[in-house]
Amino acid sequence: MNSKYDPKTIEAKWQGRWAEEKTFRAVDFSDKPKYYCLVEFPYPSGDGLHVGHPRSYTALDILARKKRMEGYNVLFPMGFDAFGLPSENYAIKTGIHPSITTKNNIERFKQQLKSLGFSFDWDREFATTDPGYYKWTQWIFIQFYKHGLAYKDKMPINWCTSCKIGLANEEVVDGRCERCGGDVEKRNIEQWMLKITAYADALINDLATVNFLDKIKSQQINWIGRSEGANVQFRIAGHETSLTVFTTRPDTLFGATYMVLSPEHPLVSDLTTEEQKAAVTEYVHTASHKSDLERTELNQEKTGVFTGSYAINPVNGEEIPVWIADYVLINYGTGAIMAVPAHDERDFEFAKKFDLPIRCILRPDREDAQKAGIDMENVINGNVCWPHDGTIINSSNDTGLSIDGKPVKEAIRATIQWLEKQGIGESAVNYKLRDWVFSRQRYWGEPIPMIYCEDCGWSPVPDDELPVVLPEVEKYEPTDTGESPLALIEDWVNTSCPNCQKPAKRETDTMPNWAGSSWYFLRYTDPGNDTAFASVEKLAYWMPVDWYNGGMEHTTLHLLYSRFWNKFLYDCGLVPTSEPYLKRTSHGMVLGEGGEKMSKSRGNVINPDDVVQQYGADVFRVYEMFIGPFDQTAAWDTKGIAGAERFIHRVWKMGTALRIVDDQPLTADQLYILHATIKKVTEDIESLDLNTAISQMMIFINKNSTGQEIPRELIEPFLKLLAPFAPHICEELWARLGHERCIALAPWPEYDETYLVKKSVNIAIQVNGKLRASIEVGIGSEKDGIISKAKANSNVSRHLEGKQILKEIYVPNRLVNFVVR
RNA sequence: GCCGGGGUGGCGGAACUGGUAGACGCGCCGGUCUCAAACACCGGUGGAGGCAACUCCGUGUCGGUUCGAUUCCGACCCUCGGCACCA
């Protein structure tokens, strides 16, 4: 029998056997309890896998494998999120159709994934670019449309001048294009929008029902940015119209000394007086040519222009000037604000610059002011801005509003009541979250399945004509007009209206790359279905996902979008649960050697293929899990692999070189280490503390790989524990021990607490909290006996000599502490 | 500025509900094997002092609670992510 450890041979052998026997097939409607274990599917880039992918895949593979051994019917699927810019840009450069690039890249990825021994059910694989898949992405879009949640709107959007596409707010990072870093400017284009804001509250509230990491929950809540306040109407002196503002602080109405409109506000031209017209027009013009970058980065200096009009403050009838300024955003609230410079830092800065009145209507609590190092007088005089809590002052009128002396919260409530009674305002809620710009003027995406008819307007493509397949094009570049290249394919664009049959045109926009991933977890339950996106029965059996792991970079967008789609489908009665994922965790990034981010330009990219080639997949898996806590960033350390390699070699030696003895009862020490290891590994996998699980298995090996022989009853349970981590070597050794069935389906070992109770323990003896000795005593020994034994210890007695013992603290089986003086 | 992680040996990192800090691994030192080296195996390894037994110091900083604090409380520093004129 070959006794040399040869990972290449055994890994290929077992990967082949798993594939042949379909060991990891998830069985629909099995009687076993189901467990749906999900990792984010990759975008199959031309670079292949990097070591970050396997961190998540290995961890959840370990979980999936353990769950299978525990008797669960596990669904652990894999697929490819293949629409997107890199393939399209590659096509623009080379003329090679993205579908070809995609197909090649997927092949490469699959081969890499298989070489790592992941227990995916490959029968359920699909790519978002498969027409059989995107047919349903289109179908779901149509359901959004039919429910009024997809609409077309002309609005200012972010336009990347180099990619020539519209970007969602989320794709603009620091005022620049997320992927190319190019300039972003405003453009008005008709865009398909998805009304995610309709689900804003549900997306916040239902977080209470799921088990996501707290930081993930708070990031979601943060992103949605719910804020409560009031809409308040201001009449304009000499005008019929009135102006509505949103404020979270209606209690500060008496401190409102001017108003500000966003430059894009529809009332700007109406409110501009003849004298101010030139200045305002110029300001609006400059503002529209500022990119978001300029608007956010140049935030030190506030700019603005007076319109010439005055609004009437409803609480005191005062006329206050109306300005326009680009620090007020058109797409938040009503695009207009009341400015309370005494209690809002932005307004304060603006008022200082343009010499507008500042009126304090809120007295800070003395302690708060002191703590902030602020002189109360300066706040009252309006010399210093106080945006915090306090007591309302100078805020009463003769029409029934009197909030003087009230704390902020109470004053807000009272003011809203008063506004409602006067009919000039009501409580209101706003979100930072905007509706989702769902159009891209690009080729490589799902065509939006809509048809426009001069007479009937927009109609969805009828179900029996789905999918709307991407046609061949000659050029992949977006057109100069900003339309997608599809607009140039006349025989594709021109069609007939599904409603009246007259000539009509297809929508040429495609969907964003977030579309396909918004529901892929549903498709895995029934990937071949051609009459529904997934059958009700299969969804009911498999959903929800029990554990979903992915990158922290997806905790706002992808997670929010996919929860939104699922909630919508739930409301349509098409999926069984409102929340798609019971549990969500995130893995830390893998950095390059030396702690720097891995990148081609730094030349520190580690290729998993090379590692597998040199050490084998099992060593790679063990090392990557041992590298550090799963949720934290970790730096790759090539030297560190040696530890994992030695460990695997010792396992091999234990399984091949030592004599396996049957029918030999285990000693107490052997039972202890075995059951301690079972317990630790069993528990640690559940919390993905895989580094400490491995550490415990190393301890086991250190204790058991050095002798001449090893009892079967010791090695077999150990191999089962290690099998999820290093599946190939464990299968091989398991087979060599005479087993015919795979270890992957062998029952998970159980531990017995009774073996973990030690007969004796080491007890620490302290004097005044300092360790002076440690003594071995029988478990559960009497306090008195231990204390006299401790006092008898020379090193202890030395420290007690001449001192008075004030207290003897005894923690059973732990320590004794003498408090002396 | 706001929200959330994280600061423990030369390095990656352990540590249950407050109870012997540094498990496990890397590296390093010494030994066995070898002509030699590598591998493997055995032993050592927080710092300072001491021949030794031992002693003192030590979990970002300062303070507090406690018989006892990496763990709890208060203030602060550094660092990494996310958000950022959202009224």
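Proteins get letters first, then strands, A, B, ... in listed order; numbering begins at 1 in each.
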Closest approach to the side chain of A/L771, judged atom by atom: which nucleotide of B/U20, B/C85, B/A87 is it? B/U20
Taking the P atom of each, how far is B/A14 from B/G6, in whole Å? 11 Å
Just how far, in rounded Å, is P of B/G19 from NZ of A/K783? 19 Å
Ignoring the backbone of A/N817, work out which of B/G82, B/G68, B/A87 is nearest its side chain. B/G68
Return the nucleotide paired to B/G50: Watson-Crick means purine N1 to pyrimidine N3 with N6-O4 or O6-N4, wobble means G-U with N1-O2 and O6-N3, both under 3.5 Å. none
Scoring nucleotides 1-15 of chain B by protein non-hydrogen atoms under 4.0 Å (B base, S sugar-phosphate only, - none) yields --SS-------BSS-
For B/U59, the Watson-Crick or wobble partner whose two distances fall under 3.5 Å: none
Classify the nucleic acid contact of A/N430 as base, sugar-phosphate or nothing, counting any heavy atom under 4.0 Å across all strands shown. nothing
Starting from the C-alpha separation in whole Å, work towards a yes-or-no answer on side-chain contact (heavy atoms from CB on, under 4.5 Å) for A/R584 and A/Q220. CA-CA 12 Å; A/R584 165 76 190 199; A/Q220 295 241 313; over 6 Å; no
Roughly how many Å apart are B/C72 and B/U55, using the C1' atom of each and rounding to a whole number? 30 Å
Work out how far the P atom of B/G44 is from that of B/G22, and round it to whole angstrom. 14 Å
Please state whether the rings of A/W514 and A/Y561 are parallel, tilted or perpendicular, taking 30° and 60° as the class boundaries. perpendicular
Would you say the rings of A/F350 and A/Y258 are close, in the sense that their centroids are separated by under 6.0 Å? yes
Between B/A38 (P) and A/H649 (NE2): distance, integer Å: 18 Å
When the C1' atoms of B/A15 and B/U71 are considered, how many whole Å apart are they? 10 Å
Please give the distance between the P atoms of B/C67 and B/C51 as a whole number of Å. 39 Å
With both distances under 3.5 Å as the test, what is the Watson-Crick or G-U wobble partner of B/A40? B/U32
With rounding to the closest Å, how many angstrom separate the C1' atoms on B/G58 and B/G46? 8 Å
Ring-face cation of A/K302 near A/Y327 (centre distance under 6.0 Å, axis angle within 45°): yes
Run through A/I361, A/L419, A/T247 and flag the one making a side-chain contact (heavy atoms from CB on, under 4.5 Å) with A/L253. A/L419
Taking a pair to mean Watson-Crick or G-U wobble geometry with both distances below 3.5 Å, B/G1 pairs with B/C83
Tell me which nucleotide, if any, is Watson-Crick or G-U wobble paired with B/G68 when both distances must be under 3.5 Å. none
With a sphere of 6.0 Å drawn around CD of A/E426, does it hold more than 12 non-hydrogen atoms of other residues, nucleotides or ligands? yes
Check whether the ring centres of A/W223 and A/Y431 lie less than 6.0 Å apart, and answer yes or no. no
Suppose you measure atom C1' in B/A40 against the same atom in B/G49; what distance do you get, rounded to whole Å? 38 Å
Give a yes/no on whether any side-chain N or O of A/R772 is located under 4.0 angstrom from OP1 or OP2 of B/C54. no
Starting at the 5' end of RNA chain B and moving along, which residue's nearest nucleotide shows up first, A/M552 or A/R249? A/M552
Side-chain donor or acceptor of A/R814 under 3.5 Å from a matching atom on the base of B/C16? yes
Syn versus anti for B/G9, judged by chi lying within 90° of 0? syn
By nearest atom, which of the nucleotides B/A87, B/G27, B/C85 is closest to the A/Y332 side chain? B/A87
Check every strand shown and say whether A/Q696 touches a base, only sugar-phosphate, or nothing at a heavy-atom separation below 4.0 Å. nothing
Whichever of A/S227 and A/A644 has its nearest RNA chain B nucleotide further upstream toward 5': A/A644
Rounded C1' spacing from B/C24 to B/A75 in Å: 36 Å
B/G25 OP1/OP2 closer than 4.0 Å to side-chain N/O of A/R646: no
Validation row: A/H388, A/H343 side chains within 4.5 angstrom (heavy atoms): no
Looking at A/T303, is its backbone amide N or carbonyl O close enough to the side chain of A/Y283 to form a donor-acceptor pair, meaning the two atoms are under 3.5 Å apart? yes
